[in-house]
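The structure presented is a predicted model; accordingly, all values stated were derived computationally and were not measured. First the proteins, then the strands, lettered A, B, ... as listed; each starts at 1.
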Amino acid sequence: MATIFQKPHALTDAPLHYCPGCTHGIVHRLVAQAIDELGVEGRTVGVASVGCSVMCYDYFACDMVQAPHGRAQAVATGLKRAKPDNVIFTYQGDGDLAAIGTAETVHAATRGENLTVIFINNAIYGMTGGQMAPTSLPGQITQTTPYGRDTDTAGYPVKVCELLSTLDGVAFAQRVTVDCVKNVNIARKAIKKAFQNQLDGKGYSIVEVLSTCPTNWGLTPVESLEWLRENMIPYYPLGVYKDIDAGVKKGGASQ
Amino acid sequence: MATIFQKPHALTDAPLHYCPGCTHGIVHRLVAQAIDELGVEGRTVGVASVGCSVMCYDYFACDMVQAPHGRAQAVATGLKRAKPDNVIFTYQGDGDLAAIGTAETVHAATRGENLTVIFINNAIYGMTGGQMAPTSLPGQITQTTPYGRDTDTAGYPVKVCELLSTLDGVAFAQRVTVDCVKNVNIARKAIKKAFQNQLDGKGYSIVEVLSTCPTNWGLTPVESLEWLRENMIPYYPLGVYKDIDAGVKKGGASQ
Amino acid sequence: MVFAGFGGQGVLFAGKVAAYAGLIKGKEISWLPSYGPEMRGGTANCSVCISDEPIGSPLITAPNYLIAMNLPSLERFIDGVEPGGTVILDSSLIDREISRGDITVYRVPSSRLAEENGLTGLSNMILVGKLFHELGFCTDEVLDEAMQKCIPQRKAAMLELNRRAVALGARQ
Amino acid sequence: MVFAGFGGQGVLFAGKVAAYAGLIKGKEISWLPSYGPEMRGGTANCSVCISDEPIGSPLITAPNYLIAMNLPSLERFIDGVEPGGTVILDSSLIDREISRGDITVYRVPSSRLAEENGLTGLSNMILVGKLFHELGFCTDEVLDEAMQKCIPQRKAAMLELNRRAVALGARQ
Amino acid sequence: MKVLMKGNEALGEAAIRAGCRHFFGYPITPQTELAAYMSKRMPKIGGTYLQAESEIAAVNMVLGASAAGVRAMTSSSSPGISLKSEGISYMAGSDLPALIINVQRGGPGLGGIQPSQADYWQATKATGHGDFQVLVFAPSTVQEMVDLVSDAFDTADRWRMPAMILADGMLGQMMEPVELPEEGEHASTEKPWAANGHSNKREHNIINSLYLTPDKLEELVVERYKRYEQVKATEQRAEEYLCDDADVIIVAYGASSRVARSAVNKAREKGGKVGLLRPITLWPFPTGALQKAAGHAKAFLTVEMSMGQMVDDVKLAIDCRVPVHFFGRTGGIIPTPGEVLAEVEKLL
Amino acid sequence: MKVLMKGNEALGEAAIRAGCRHFFGYPITPQTELAAYMSKRMPKIGGTYLQAESEIAAVNMVLGASAAGVRAMTSSSSPGISLKSEGISYMAGSDLPALIINVQRGGPGLGGIQPSQADYWQATKATGHGDFQVLVFAPSTVQEMVDLVSDAFDTADRWRMPAMILADGMLGQMMEPVELPEEGEHASTEKPWAANGHSNKREHNIINSLYLTPDKLEELVVERYKRYEQVKATEQRAEEYLCDDADVIIVAYGASSRVARSAVNKAREKGGKVGLLRPITLWPFPTGALQKAAGHAKAFLTVEMSMGQMVDDVKLAIDCRVPVHFFGRTGGIIPTPGEVLAEVEKLL
Amino acid sequence: MPKITVDESVCKGCGLCANACPLKIISLDTGRLNLKGYHPARLMEPGRCTGCASCAAMCPDTAITVEK
Amino acid sequence: MPKITVDESVCKGCGLCANACPLKIISLDTGRLNLKGYHPARLMEPGRCTGCASCAAMCPDTAITVEK
Ligand SMILES: Cc1ncc(C[n+]2csc(CCOP(=O)(O)OP(=O)(O)O)c2C)c(N)n1
Ligand SMILES: Cc1ncc(C[n+]2csc(CCOP(=O)(O)OP(=O)(O)O)c2C)c(N)n1
Ligand code: SF4
Ligand code: SF4
Ligand code: SF4
Ligand code: SF4
Ligand code: SF4
Ligand code: SF4
Ligand SMILES: [Mg+2]
Ligand SMILES: [Mg+2]
């Protein structure tokens with residue numbers, strides 16, 4: 001009897017601290033699978049950002065660096081410039097990547113820094129207890145938009161893949177989700193490609209994963225997947241936004 | 001005999017400190033003209049950024065606040081939220097707005113902050129003596145790209161109007177220049193519109209002005225205008241990138 | 001007094017009710033929460049001081065009263081309980097024996113009682129009921145007023161359930 | 001010594017040549033630029049110290065030698081010149097009389113001389129030539145070596161022009 | 001009747017009652033409740049709650065709002081305060097009042113989320129680059145947090161300088177009964193310098209910290225330091241608890257002063273002549289009170305939730321005339337009264 | 001023969017010769033020549049010059065490169081250093097070596113672009129939030145800038161902590177003759193802790209500053225402070241100039257120490273027994289040398305280009321045993337030897 | 001016969017596996033609590049499992065191993 | 001007759017006006033230096049000026065006033 005599914009080697013045995021049903025865990029596994037499949041654990045260095053995934057340095061079996069909030073891609077740039085043969089990825093939330101880290105994100109992207117960026121968009125600041133994120137939906141109730149996000153005062157969500165696809169340095173930008181097995185598989189391929197691109201020296205690759213936060217959304221894990229499907233996917237269309245190989249640029253929604 | 005052209009009232013009598021032929025001066029006048037024409041000097045507050053135009057607080061006759069480098073739009077947001085009836089504009093260089101101030105720019109834009117942003121793109125850090133700017137052209141020689149901007153290591157220029165037009169909060173984004181009388185007139189209209197929009201409560205309006213830096217480009221003022229025409233305009237196409245009134249969105253190059 | 005348990009069991013709320021009762025009685029009071037190193041789903045506890053004197057450190061390491069809602073919490077605090085102190089624990093979740101002889105221990109199967117009495121999630125208030133019954137430091141009216149302070153108007157229905165839980169606890 | 005003028009007149013370069021000459025002679029030297037409050041097109045000057053002792057403050061407020069290339073610079077520094085000191089000025093740009101009697105003043109129409117001799121932009125070096133002539137502190141060879149240090153190889157043609165300017169200055 | 005409030009929420013309500021209608025923040029533990037509170041209240045009273053994209057943006061929004069003449073504030077915790085340091089230096093250099101709240105947590109780096117006092121030096125000596133000071137208030141109870149918020153706003157306006165409330169995770173998270181002031185009790189200040197539109201009635205106002213002429217810059221800094229001297233002369237505040245006859249005086253502020261007070265009580269019970277001197281303003285440092293205390297005390301003991309920072313200021317305040325000892329815990333640990341008592345007893 | 005170099009350029013060349021191949025910067029006056037120099041040299045020698053989008057990005061790139069085990073540096077001037085403060089605190093909390101250069105200018109705020117020493121407190125007490133220190137070196141000549149760059153890298157590696165060179169606009173802009181060391185003279189350090197890929201040969205390395213358990217965080221901070229004690233014991237440096245018989249000793253570092261030296265010479269010419277004690281390390285502060293000097297001197301005078309910051313450290317170093325006076329200019333003004341002499345003469 | 005194993009010590013009882021199983025043969029064991037206080041997932045009808053690994057693919061805690 | 005006035009005290013001799021004038025009738029007066037050390041612009045053929053204000057529109061220092 002063969003084991004056809006087990007914990008990837010690139011995940012340590014430390015139990016994850018995430019809330020029950022939080023899809024951060026699924027994405028962790030997909031990243032680890034990509035590292036396993038490409039056989040690069042020994043030369044991979046991950047950058048943990050500040051957000052619920054801050055402690056992912058304990059979970060990934062490769063070397064890890066914990067970066068200041070928002071600065072993961074600057075730290076990753078330093079790591080990559082120091083050791084270009086290493087495989088560097090960042091793992092960042094929406095607050096980290098698209099609020100405080102906006103400048104670092106835009107500029108790593110426009111520099112075409114040869115990095116793999118895993119971006120967890122859960123439309124909320126999970127770790128600090130559920131404040132509005134730059135990606136919170138219009139009308140969404142959060143701890144700091146108790147009456148729903150009012151676009152008049154709190155502005156509109158930032159659509160990261162759309163924004164970054166306008167930049168010349170970006171090699172690959174795809175938005176995926178992990179709400180069902182089919183989408184998990186698409187996400188797996190996208191993440192692997194984002195790593196493969198780095199090995200091929202193609203430049204900046206980002207995978208945006210629409211993810212859940214059952215705790216701060218105030219929903220059960222299963223309800224959260226539904227909320228994501230009903231609210232997030234329509235606002236944040238899935239698909240490849242940019243792929244210098246395939247010539248896809250902006251708005252292409254083919255999966 | 002009638003005076004048909006004179007110094008606008010909204011410019012003080014202080015002589016400008018800019019280098020001979022620097023087009024910062026032209027843009028100053030256009031901003032002042034808009035203020036004059038709209039009759040809002042008494043309730044306008046300008047935000048001076050850090051760059052060659054840092055001392056524009058001495059030149060505009062309205063109240064002025066000097067902001068930390070890159071933070072002009074955050075300061076402007078504070079001014080506007082404090083006194084929504086005031087007319088707030090920022091005057092920023094490319095280093096200020098598109099490098100260190102990237103996050104402040106993107107977020108003021110996505111919030112749809114009701115501001116007027118005057119953005120001077122001269123493809124260089126003028127004030128500090130000619131270092132590479134985020135908008136320096138590929139191959140451009142600057143103090144910190146002595147062998148020409150190498151996109152492999154220094155990345156690609158950021159195209160601000162293109163980038164910001166992807167954001168829902170932006171009401172108006174136009175790229176203009178001031179290399180000749182015709183374009184000065186187009187610029188004048190764009191700037192006035194960016195102020196008018198604020199009076200109309202339309203939200204974030206940005207006018208990007210392709211500008212010269214004879215000193216750091218190492219050219220005469222007249223040669224600089226030519227260099228701008230031959231090198232900058234092709235890379236940064238002029239035109240309206242977004243106008244919620246006209247329905248223009250992205251890439252529209254009609255003037 | 002220390003209220004301790006998992007996050008989500010309502011220990012912080014229970015502590016707040018106790019604090020309000022103290023406040024109504026004109027005492028000096030303080031309430032201090034503390035969370036385990038896990039950010040999510042970990043342990044949570046709060047220190048509540050009720051005193052006639054101004055309160056120094058609100059952090060209690062040696063409580064007179066310990067309300068323990070799970071085993072890790074009991075284990076963390078039991079040794080610190082002041083001699084002569086009181087421990088009230090949810091015996092449906094904690095089955096450990098307590099070897100100390102210098103303290104009074106009340107075992108209330110509050111989780112089970114809550115389930116059985118249609119008071120799911122109010123195990124905490126059953127223990128509060130028991131606590132105040134033993135404490136005897138304020139009247140039922142004061143405790144009721146305290147609950148009113150802690151439960152917003154629009155959740156009036158909750159208030160009723162809380163009252164029942166407290167009453168139930170007091171009878172244990 | 002202080003070299004002072006508008007930015008772009010080459011005062012910093014002139015100071016550097018002087019500093020190098022000192023260095024070649026085995027002296028302690030320092031060179032310190034300073035710009036006016038205007039960032040662009042304002043005044044610029046540099047302090048050059050050449051001494052047998054380690055140099056304390058490299059900022060000179062009371063120079064022994066002042067090389068002044070425009071009026072504002074002259075006015076800024078003239079009162080500070082040490083008694084017995086020397087002032088060399090570009091008389092084609094400065095027509096002010098100097099009333100101090102305790103200093104030696106050389107008026108060299110260096111801008112005009114430069115224009116007339118195909119040495120545009122080398123007014124500074126004409127003054128340097130004069131300075132070293134009066135200074136007499138080093139041989140022509142040393143000064144030449146200093147210029148070689150300051151002018152990159154690939155600008156060899158410039159070197160020749162500089163030499164001519166210095167020689168011209170020395171004859172004034 | 002008093003209400004029970006968390007320190008963080010009390011700070012928010014107190015600010016509103018002190019006339020603050022502009023709050024700019026960015027989430028960080030352990031101060032999140034303050035922002036959450038403001039986001040609930042501000043829309044109801046026509047105020048601004050704006051969650052900025054970062055601490056840097058937030059502090060600069062405060063700079064802008066303050067420049068416009070309104071009372072504005074921001075709050076954060078240790079790493080976020082570091083990010084605000086450039087902006088705070090600008091406000092000081094532009095003579096702008098503002099309120100910055102630091103609900104300190106353990107550091108350095110990301111550190112932890114438990115209470116700490118390890119940003120003392122940053123707050124009192126170098127909130128940013130250059131020669132300047134900010135007013136620093138150190139509350140020790142939730143009630144005092146309320147009281148000091150309006151004092152901080154008033155003092156900041158009076159002296160045209162930023163004020164900081166240096167709290168910590170314990171004070172931010174704990175609930176105590178508080179009495180809130182009526183709204184509008186605060187002195188509203190004329191701000192003729194504000195950049196809020198000249199209405200064609202006066203010269204244009206300029207809010208600026210750039211002075212390219214060193215003489216001008218020095219003149220302004222010296223002028224500002226003269227103001228600081230006045231602040232030192234008039235705004236020092238400290239509480240003395242059983243100091244009069246004390247042989248050993250504990251010096252502690254904020255959270256650790258509460259522990260120290262318990263220790264003093266315990267020591268007194270045992271007959272030890274121990275007192276507590278509690279700085280309420282950390283800048284200006286209550287030098288006067290300390291000098292007085294140094295007249296009779298045999299030793300001082302500072303109790304801090306850090307590796308020892310205020311201890312130097314105590315030494316300087318009393319010209320090292322009396323020995324000054326230090327006891328501290330760090331990393332988020334609150335010392336216990338017992339530990340402090342043990343330290344004090346060594347000195348008796 | 002020696003070459004004439006600007007201080008800023010000399011810093012760059014010295015770093016390269018000390019084995020640094022990774023420079024991350026952002027332009028700011030008066031340190032621009034350093035970045036410009038690196039941008040010319042690095043591409044030629046296979047190194048990295050990267051102009052970051054901001055000071056914050058730059059310092060975090062340094063954090064990343066240092067985490068990977070290479071020698072990395074960044075440089076800026078006052079406002080830019082404030083922005084780097086969070087990142088520096090992270091590096092300290094992660095035990096990462098690195099070199100940060102501050103070519104100070106007048107502050108606060110945007111201030112001016114002339115030389116200053118007003119970031120002394122920031123550098124020595126609170127480069128960021130939390131309990132930590134960075135090594136601080138204060139060169140006073142261009143040659144010393146060169147020498148201290150490699151010392152700073154070595155010391156930072158040895159103690160696994162960030163090092164700062166605290167220079168100023170005068171030292172950065174001036175030219176002096178320098179002798180450059182041969183490349184590769186520096187000790188290269190093993191960095192088994194680096195995050196550069198475990199090659200499946202060891203456990204994964206983690207570079208981190210987060211410790212949610214206060215006990216763990218405290219333990220680490222205390223361990224770090226033990227290291228600091230060793231640093232204090234072994235790395236203090238100061239130069240004594242005519243101190244042995246001096247009645248009045250000037251204490252000054254960097255630019256102002258040069259002025260002070262001239263003043264000492266002038267005083268000696270007049271027969272005044274005046275000496276100069278010049279701290280070369282500002283952290284660790286040369287307490288030993290000061291204590292020795294306090295044995296015979298009647299008074300100290302600190303000369304600073306600020307409103308007075310180091311003066312407190314001098315008092316603390318000598319337990320206030322001898323009066324310590326202060327003279328300073330600020331805002332970008334360099335004091336003159338004459339001014340200093342006048343101050344000294346008041347004390348003779 | 002395909003086989004799945006749930007590591008109960010890490011299972012958080014989130015139910016995403018149950019939700020994903022096409023045959024709905026895995027569900028939470030409400031009768032039991034693991035050490036963390038969760039109802040762990042359990043394969044209810046082992047015989048019917050096809051080893052499709054849908055459950056495992058959706059498990060955030062990689063608590064499920066699938067053999068075939 | 002249209003008339004332009006150049007404020008010589010602020011003119012920086014950049015030549016943008018000269019470059020912009022359709023009739024090329026304004027140019028730098030190389031014979032003179034203003035107080036700032038620049039050759040100020042001067043209208044060479046006043047009679048031909050149309051008052052089109054092209055020169056003024058391009059002047060960065062707003063040194064030119066146009067009357068008509
Ligand atoms: C400089 C700084 N600011 C703020 C914080 C507090 N903080 C921690 S995590 C976080 C946001 C987390 O949200 P996100 O990045 O979306 O990640 P998530 O938790 O949702 O996965 C914030 C603001 C911090 N640690 N440092
Ligand atoms: C925090 C900070 N970083 C850097 C600087 C130095 N600085 C001054 S102006 C400037 C850039 C100017 O370039 P740009 O914004 O393009 O304006 P320009 O001068 O070209 O008009 C920089 C980096 C500063 N003052 N503050
Ligand atoms: S708070 Fe939200 S994002 Fe964070 S672990 Fe819990 S569910 Fe996941
Ligand atoms: S440096 Fe360039 S941008 Fe600045 S004033 Fe001179 S020409 Fe204009
Ligand atoms: S998905 Fe995983 S963690 Fe969730 S219930 Fe199933 S086995 Fe347990
Ligand atoms: S492997 Fe497939 S069939 Fe078997 S339990 Fe899992 S999801 Fe159900
Ligand atoms: S107004 Fe027109 S015609 Fe007259 S000088 Fe100016 S550009 Fe030439
Ligand atoms: S454009 Fe203006 S500044 Fe330039 S030369 Fe003409 S008048 Fe003078
Ligand atoms: Mg998130
Ligand atoms: Mg620019």
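- Most heavy-atom pairs under 4.5 Å with chain F, from the set A/A103, A/C62, A/A48, A/G70: that is A/C62.
- Closest of all the heavy-atom pairs between F/A194 and A/D63 is O-OD2, 3.6 Å.
- When A/R111, A/R43, A/Q73 are compared by the number of non-hydrogen pairs under 4.5 Å with chain F, A/R111 comes out ahead.
- Looking only at distances, a side-chain donor or acceptor of F/H198 sits under 3.5 Å from a matching main-chain atom of A/A61.
- Closest of all the heavy-atom pairs between F/V70 and A/A82 is CG2-CB, 3.7 Å.
- Both the backbone and the side chain of A/R81 have a heavy atom closer than 4.5 Å to some heavy atom of chain F.
- Both the backbone and the side chain of A/V65 have a heavy atom closer than 4.5 Å to some heavy atom of chain F.
- The two atoms that bring F/N208 and A/Y57 nearest to each other are ND2-OH, 3.1 Å, heavy atoms only.
- Heavy-atom pairs under 4.5 Å with chain F were tallied for A/T44, A/T77, A/V47, A/I88; the largest tally goes to A/T77.
- Contact detail for F/G197 and A/N86: the closest heavy-atom pair is N-ND2, 4.1 Å.
- Looking at A/V50, the atoms closer than 4.5 Å to chain F (heavy atoms on both sides) all sit in the side chain, from C-beta outward.
- Note that CD of A/E41 is 5.5 Å distant from CG of F/N200, once rounded to the nearest 0.5 Å.
- Within the 4.5 angstrom heavy-atom criterion, no atom of A/T110 approaches chain F.
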